[in-house]
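Keep in mind the model is a prediction, meaning the values are calculated, not measured. Residue numbers start from 1 in every chain, and the chains themselves are labelled A, B, ... in the order their sequence lines are given, proteins ahead of strands. Computed from heavy atoms alone, side chains included, the values below leave out hydrogens, waters and symmetry copies.
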Amino acid sequence: MHPAPSVIVFTTLSGLGFGLLFFLGLGLPDVSGWVAFVFFALGFGLAVGGLLASTFHLGHPERAIKAFSQWRSSWLSREGVAAVAALVIMGIYAAALIFLDKKLAPLGWIGAALSLATVYATSMIYAQLTTVPRWKTALTPALLLSISLAGGALLAGQLAAAKILLPIAAVIQVIWWVRGDNALKQSGTDMASATGLGNIGTVRAFEPPHTGTNYLLRELVFQVGRKHALKVRAMALILGFIMPVLLILIPFAHVLILVAIVMHLMGIAASRWLFFAEAEHVVGLYYGKR
Amino acid sequence: MEGGQMTTLPENTTRKLGLVIDLDTCVGCHACVISCKGWNTENYGAPLSDQNAYDGAASGTFLNRVHSYEVQPLATSAMPHPAAQLVHFPKSCLHCEDAPCVTVCPTGASYKRVEDGIVLVNESDCIGCGLCAWACPYGARELDAAEGVMKKCTLCVDRIYNDNLPEEDRVPACVRTCPAGARHFGDFADPESNVSKLSAERGGMDLMPEQGTKPVNKYLPPRPKDQMDQSEQIDILAPFLEPVMEEPKGFLGWLDKALEKI
């Protein structure tokens with residue numbers, strides 16, 4: 001799949017933002033006044049910034065409001081509804097906390113649940129696609145949720161939680177990669193089933209339908225060299241998980257946490273680039289590109 | 001069509017309109033590609049645009065594309081060197097019964113019609129997110145780069161019910177134009193229809209059945225090929241062209257023998 005910068009930025013930032021809002025909704029850290037304002041502004045900035053970035057890849061962003069209508073069947077629609085609900089509830093909770101110095105705890109819990117629901121809905125947009133075997137697994141929501149929670153804990157300064165959540169996310173990430181490398185083969189979809197010609201013999205793409213490229217090849221048939229993929233995986237693992245854990249194990253220092261957060265964000269962006277770049281869409285089989 | 005219900009699939013459609021594509025007959029001429037592009041650029045919905053049509057990086061939107069595959073049969077003791085076969089393979093929307101492109105749509109722009117099963121896009125509701133193209137295993141949907149909306153085969157919905165056209169033209173443009181008769185249009189819900197019978201007779205198959213999309217369109221597999229590489233002589237002129245003189249005679253004959261003795 002084409003690793004569109006808008007989608008990578010969106011899933012990385014909004015995942016982190018909603019992770020932070022989850023902890024803030026639970027009252028971790030228990031903040032009020034100006035400190036609360038800064039924390040919530042950061043959470044909202046990341047979540048909303050990510051959502052806005054996602055509209056950049058739309059053909060008609062001015063009609064985006066229509067995307068809230070199909071929550072009965074569409075995970076993309078559910079994501080939009082959950083995101084707006086989470087932001088509205090957390091907005092009220094934050095306003096009460098900042099301006100009235102009043103903690104409406106149950107509202108915070110609902111907001112926290114909705115924040116996680118948003119990340120889950122995002123992950124299901126990918127995990128539902130039978131056409132991309134690497135994504136079609138319960139490990140995909142597990143991966144995006146665990147990364148969101150780990151990043152949120154880091155950003156919320158919940159270091160005890162982050163020390164546990166970051167390694168958990170790292171382990172899920174590695175399992176997700178290992179499973180993913182065999183996913184297309186295990187899906188049973190190959191050139192034989194794509195063309196129905198497999199019972200005659202071995203099928204090879206002889207001539208593509210056109211001399212140039214097309215939307216399908218640009219959007220769905222991105223190919224990344226395995227050597228580069230391994231390097232980026234190592235970067236994602238070291239920056240996203242290992243370094244942040246090592247940094248927060250060193251006794252408390254704000255600067256180090258800041259470095260840990262920046263590294264984590266870079267690592268997750270790398271992981272998210274691979275999430276798309278390595279994902280093989282089965283339509284590539286028709287072009288002999290798998 | 002009620003808004004809000006559109007991206008859920010109908011339990012059942014009254015008719016199941018679709019195509020039978022005969023891989024044995026298709027000659028790979030791409031006439032269906034051109035007639036499809038022509039009709040669907042000039043009629044219903046946004047035109048199918050091209051980008052950089054006249055420089056090296058040409059690209060454009062098509063609803064129907066013809067691939068060509070080489071199939072190499074496995075060697076057997078009866079046929080140690082089987083010839084590879086070339087199969088031309090037209091591919092357009094299969095109007096699936098369980099169309100994954102419809103259910104993923106966040107706006108309700110994509111829908112499957114209850115009355116005839118045609119999968120369509122309401123272009124004024126489409127936000128161009130591209131998720132339906134991701135959900136389709138067949139590459140049947142392409143986002144038009146000029147219009148920013150998703151384009152797909154409509155089964156020429158503006159031809160098949162069009163009373164202004166002569167009756168023989170009330171079929172999809174690709175079917176009407178195919179010079180080889182490799183494309184057939186009809187109702188699969190009717191077991192007595194031309195397409196149902198043809199599919200039953202020739203073993204019509206689903207593409208990627210394991211994807212669970214239940215395609216309506218069926219592909220007829222190529223018939224077994226003649227085996228030209230076998231010992232059976234099929235050239236009727238060959239016996240008349242056999243060399244008249246097998247052994248050299250006269251001076252050449254003497255030279256031949258003399259050289260062999262050396």
Side-chain angles (χ1 to χ4, degrees), chain A residues 1 55 57-64 66-80 125-126 128-132 187-189 191 193-216 218-220 281-283 285-288, chain B residues 3-4 6-8 23 33 57-62 65-74 82 84-87 89 91 100 103-109 125-131 133-139 142-143 145 147-150 205-212 219 221-222:
Chain A
M1 307 294 287
T55 63
H57 79 287
L58 296 181
H60 281 276
E62 78 281 5
R63 299 177 189 157
K66 289 175 193 271
F68 294 107
S69 66
Q70 303 300 310
W71 49 270
R72 289 180 198 82
S73 53
S74 166
W75 279 107
L76 182 50
S77 193
R78 286 171 197 161
E79 179 202 41
I125 294 171
Y126 307 108
Q128 70 178 332
L129 295 174
T130 317
T131 50
V132 185
S187 73
T189 300
M191 281 192 79
S193 80
T195 59
L197 300 170
N199 52 357
I200 304 176
T202 318
V203 185
R204 184 172 77 88
F206 182 75
E207 240 183 350
H210 37 80
T211 50
T213 183
N214 69 11
Y215 169 75
L216 300 168
R218 286 191 298 265
E219 180 78 6
L220 307 173
H281 193 288
V282 294
V283 79
L285 293 166
Y286 285 108
Y287 289 86
Chain B
M6 288 204 288
T7 55
T8 48
L23 297 178
V33 178
S59 163
T61 311
F62 287 80
R65 294 182 185 266
V66 180
H67 297 252
S68 295
Y69 297 105
E70 181 197 74
V71 190
Q72 177 62 61
L74 281 178
Q85 299 172 16
L86 188 61
V87 180
F89 197 97
K91 190 161 56 59
T103 48
V104 298
C105 177
T107 68
D125 277 348
C126 177
I127 56 172
C129 68
L131 190 56
W134 289 17
C136 173
Y138 309 110
E142 298 187 16
L143 190 77
E147 294 285 337
V149 294
M150 197 53 74
M205 57 188 183
D206 290 347
L207 303 186
M208 294 185 181
E210 71 285 350
Q211 288 271 329
Y219 281 75

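Proximity to chain B (any heavy atom under 4.5 Å) is restricted, for A/Ser187, to the backbone atoms N, CA, C and O. Contacts of A/Leu129 with chain B are made by side-chain atoms alone, with heavy-atom separations under 4.5 Å and no backbone atom involved. Both the backbone and the side chain of A/Leu197 come within contact range of chain B, with heavy atoms under 4.5 Å apart. Heavy atoms of B/Glu147 lying under 4.5 Å from chain A belong exclusively to its backbone. Residue B/Val87 touches chain A through its side chain alone, counting heavy-atom pairs closer than 4.5 Å. Both the backbone and the side chain of B/Ala135 come within contact range of chain A, with heavy atoms under 4.5 Å apart. Within the 4.5 angstrom heavy-atom criterion, no atom of B/Pro100 approaches chain A. Both the backbone and the side chain of B/Cys129 come within less than 4.5 Å of a heavy atom of chain A. When heavy atoms are compared at a cutoff of 4.5 Å, A/Leu58 approaches chain B by way of both its backbone and its side chain. Residue B/Tyr69 touches chain A through both its backbone and its side chain, counting heavy-atom pairs closer than 4.5 Å.
Counting heavy-atom pairs closer than 4.5 Å to chain B, the top-ranked of the candidates A/Gly212, A/Ser77, A/Gly80 is A/Ser77. The greatest number of non-hydrogen atom pairs below 4.5 Å with chain A, out of B/Ser68, B/Cys126, B/Gly128, B/Gly148, is found for B/Ser68. When each of B/Gly60, B/Cys136, B/Ala57 is scored by its heavy-atom pairs under 4.5 Å with chain A, the top score falls to B/Cys136. When the candidates B/Pro137, B/Ala133, B/Pro222 are compared by the number of heavy-atom contacts under 4.5 Å with chain A, B/Pro137 comes out ahead. Contact tally against chain B (heavy-atom pairs below 4.5 Å) for A/Ile125, A/Leu285, A/Val283: the top residue is A/Val283. When the candidates A/Gly188, A/Ala64, A/Pro61 are compared by the number of heavy-atom contacts under 4.5 Å with chain B, A/Gly188 comes out ahead.
Taking the side chain as every heavy atom from C-beta outward, B/Thr107 and A/His60 never approach each other to under 4.5 Å.
Counted by atom type alone, B/Glu210 and A/Thr189 present one or more donor-acceptor pairs between their side chains at under 3.5 Å.
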Candidate pair B/Gln85 and A/Ile200, rule side-chain contact (heavy atoms from CB on, under 4.5 Å), full reasoning: CA-CA 9 Å; B/Gln85 299 172 16; A/Ile200 304 176; 3.7 Å; yes
side-chain contact (heavy atoms from CB on, under 4.5 Å) assessment of B/Phe89 paired with A/Val203: CA-CA 12 Å; B/Phe89 197 97; A/Val203 185; over 6 Å; no
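Taken to the nearest 0.5 Å, the CZ atom of B/Arg65 stands 4.0 Å off from the NE2 atom of A/His210. With rounding to the nearest 0.5 Å, the separation of CD in A/Gln70 from CG in B/Asp125 is 8.5 Å. Atom-to-atom distance recorded for A/Trp75:CH2 and B/Thr103:OG1 is 12.0 Å, nearest 0.5 angstrom. Summarising the geometry, atom OG1 belonging to A/Thr131 is positioned 6.5 Å from atom CD belonging to B/Gln211; distances are rounded to the nearest 0.5 Å. For the atom pair A/Thr195 OG1 and B/Met205 CE, the distance stands at 7.0 Å (nearest 0.5 Å). Here the CG-CD1 distance, from A/Leu76 to B/Ile127, works out to 6.0 Å after rounding to the nearest 0.5 Å.
Of all the heavy atoms in B/Pro209 and A/Ser193, the pair that sits closest is CD-O, 4.2 Å. Between A/Gly201 and B/Val71, the closest heavy-atom pair is N-CG1, 3.6 Å. Closest non-hydrogen pair, B/Pro106 versus A/Ser69, comes out as O-OG, 3.7 Å.
Using cut-offs of 30° and 60° on the angle between ring planes, the pair A/Tyr287 and B/His67 is perpendicular.
Applying the salt bridge (Lys or Arg N to Asp or Glu O under 4.0 Å) test to A/Arg218 and every residue at least two apart in sequence or in another chain returns nothing.
Screening A/Glu219, A/Gln128, A/His281 for a side chain to side chain donor-acceptor pair (under 3.5 Å) involving B/Trp134 leaves a single residue, A/Glu219.
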